[in-house]
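Taking it in order: structure first as structure tokens, then the write-up.
This structure is a prediction, so every number in the text was calculated from the model and none was measured.
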Amino acid sequence: MESRSIKIKSAKNSRMSIDIIPGHFATSHSHVNYYVDMTKIKHRIAMAQEAASTLAASYSGMPLDTIVCLEGCETIGALLARELTSAGFVSMNEKKELCVVTPEFVPGGQLIFRDNIQPMIWNKNVLVLLSSVTTGKTVNRVLECIRYYSGNVEAVSAIFSAIGQIGEIPIHSIFTADDLPGYQTYSPKECPECEKQHKIDAMINSYGYSRV
């Protein structure tokens, strides 16, 4: 599958790129025609720093207390917090101590914050950071969780997002669907590849892909 890989550079930062693989892929919520590989951005410190610097530009005028990280974005989240609190970066959060946390998944797929983490969410201004947003269902679950603990979600960040906002909350991303030529997402029941009885190339999620 890797032989079909195409490198896509970010329009917002030419030093950043992702690899996409065309095909027929299934997520937990939808079927898509590209696997978007963000491994290098999430796990290589130089690329993670570029991601943090790029995303930080969207939040210079936004007061934040906590960054909630999901889908393996903790490294980017920590670097983003450092960017936003750096004395060299013009920000409302300059010299402020931001918290970086991750919710816990419990049986049944529910998200929770343990008692020792809840003070970092309660009545705090929160930024949510994910690797990708396709349908928005995962984001909505996260928002519901944060609001349950009385957190105030200011914005959502992602490496890649196919949508621009969730309700009235903007999604700032480094890559969008416009960067991927012909990007499509479908519900499993409406997938044209399934209607043609084309087999799924791989199951994909934030950890990577598994061929089927």
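Going from atom OG of Ser58 over to atom NZ of Lys12 covers 6.0 Å, rounded to the nearest 0.5 Å. In this structure, OG on Ser157 lies 9.5 Å from CD1 on Ile171, to the nearest 0.5 angstrom. The structure places CG of Leu130 at 6.5 Å from SG of Cys73, a figure rounded to the nearest 0.5 Å. Note: Asn33 CG to Ile21 CD1 = 12.5 Å, rounded to the nearest 0.5 Å. How far CZ of Arg82 is from CG of Leu84: 12.0 Å, rounded to the nearest 0.5 Å. Here the CD1 atom belonging to Ile18 is positioned 13.0 Å from the NZ atom belonging to Lys9, to the nearest 0.5 angstrom.
With hydrogens and angles disregarded, no donor-acceptor distance shorter than 3.5 Å links the side chain of Ser17 to the backbone of Lys7. Side-chain atoms of Lys42 come within 3.5 Å of backbone atoms of Ser206 as a donor-acceptor pair (strictly under, hydrogens ignored). Using a distance-only test at 3.5 Å, with no hydrogens or angles considered, a donor-acceptor pair links the side chain of Glu71 to the main chain of Ser131. Here the side chain of Asp65 pairs a donor or acceptor atom with the backbone of Asn125 at under 3.5 angstrom.
Partners of Lys40 according to the salt bridge (Lys or Arg N to Asp or Glu O under 4.0 Å) rule, which considers only residues two or more places apart in sequence or in another chain, are Asp19. With sequence neighbours left out, Arg147 forms a salt bridge (Lys or Arg N to Asp or Glu O under 4.0 Å) with no residue at all. By the salt bridge (Lys or Arg N to Asp or Glu O under 4.0 Å) test, Asp37 pairs with no residue at all, sequence neighbours left out. Under the side chain to side chain contact (heavy atoms under 4.5 Å, CB included) criterion, Cys191 pairs with His24, His31, Tyr186, Glu193, Cys194, not counting sequence neighbours. Every residue was checked against the side chain to side chain contact (heavy atoms under 4.5 Å, CB included) condition with Ser14, not counting sequence neighbours, and none meets it. In this structure, Asp179 has no side-chain hydrogen bond (donor to acceptor under 3.5 Å, both in side chains) partners at least two apart in sequence or on a different chain. Residues passing the side-chain hydrogen bond (donor to acceptor under 3.5 Å, both in side chains) test with Ser10: none are found, sequence neighbours excluded. Every residue meeting the ring-ring contact (aromatic ring centres under 6.0 Å, His included) condition with Phe160, not counting sequence neighbours, appears here in chain and number order: Tyr183.
Residues Asp201 and Arg4 meet the side-chain proximity criterion, which asks for heavy atoms closer than 4.5 Å. In this structure, Thr138 and His29 have side chains that are in contact, with non-hydrogen atoms separated by less than 4.5 Å. Residues Phe175 and Ile41 have side chains in contact (heavy-atom distance under 4.5 Å, counting atoms from C-beta outward). For the pair Val68 and Ile121, the minimum side-chain heavy-atom distance is below 4.5 Å.
Within the structure, every pair that satisfies the ring pair (Phe, Tyr, Trp, His ring centres under 6.0 Å) test and touches residues 114-153, not counting sequence neighbours, is listed here: Phe113-Tyr149. Within the structure, every pair that satisfies the side chain to side chain donor-acceptor pair (under 3.5 Å) test and touches residues 101-118, not counting sequence neighbours, is listed here: Glu74-Thr102, Glu104-Arg114, Asp115-Gln118.
Val156 and Ile174 fall into different hydrophobic clusters, where Ile, Leu, Val, Met, Phe, Trp and Tyr are joined by side-chain heavy atoms under 4.5 Å apart, directly or via other members. Leu129 is not connected to Val142 by any chain of hydrophobic side-chain contacts under 4.5 Å among Ile, Leu, Val, Met, Phe, Trp and Tyr, and they are in different clusters. Note: the hydrophobic cluster containing Ile76 also contains Leu127 (ILVMFWY, side chain heavy atoms under 4.5 Å, direct or indirect links). Linking Ile, Leu, Val, Met, Phe, Trp and Tyr whenever their side-chain heavy atoms come within less than 4.5 Å leaves Met120 and Met62 in two separate clusters. The hydrophobic cluster containing Leu70 does not contain Met38, counting ILVMFWY residues as joined when their side-chain heavy atoms lie under 4.5 angstrom apart, directly or transitively.
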After noting the C-alpha distance and the side-chain angles of Val36 and Ile8, does the key distance pass the side chain to side chain contact (heavy atoms under 4.5 Å, CB included) rule? CA-CA 10 Å; Val36 183; Ile8 302 292; over 6 Å; no

When you look at Ser28 and Asn205, which way does the side chain to side chain contact (heavy atoms under 4.5 Å, CB included) test go after all the steps? CA-CA 8 Å; Ser28 58; Asn205 61 18; over 6 Å; no

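In this structure, Met203 shares a hydrophobic cluster with Ile200, Val212, the cluster being traced through Ile, Leu, Val, Met, Phe, Trp and Tyr side chains under 4.5 angstrom apart. In the hydrophobic clustering, where aliphatic and aromatic side chains (Ile, Leu, Val, Met, Phe, Trp, Tyr) are joined below 4.5 Å either directly or transitively, Tyr207 stands alone.
Between Thr54 and Glu50, the side chains place no donor N or O within less than 3.5 Å of an acceptor N or O (distance only, hydrogens not considered). For the residue pair Thr176 / Ser173, no side-chain donor-acceptor distance below 3.5 Å is found, with atom types taken as modelled.
For the residue pair Val133 and Ala158, the shortest heavy atom distance occurs at CG2-CB, 4.0 Å. A pairwise comparison of heavy atoms in Ile169 and Ala155 identifies CG2-CA, 3.7 Å as the closest pair. Between Gly77 and Val100, the closest heavy-atom pair is O-CG2, 3.9 Å.
Test Ile204, Thr185, Ile163, Val139 against Thr134 for side chain to side chain contact (heavy atoms under 4.5 Å, CB included) and you get one pass: Thr185.
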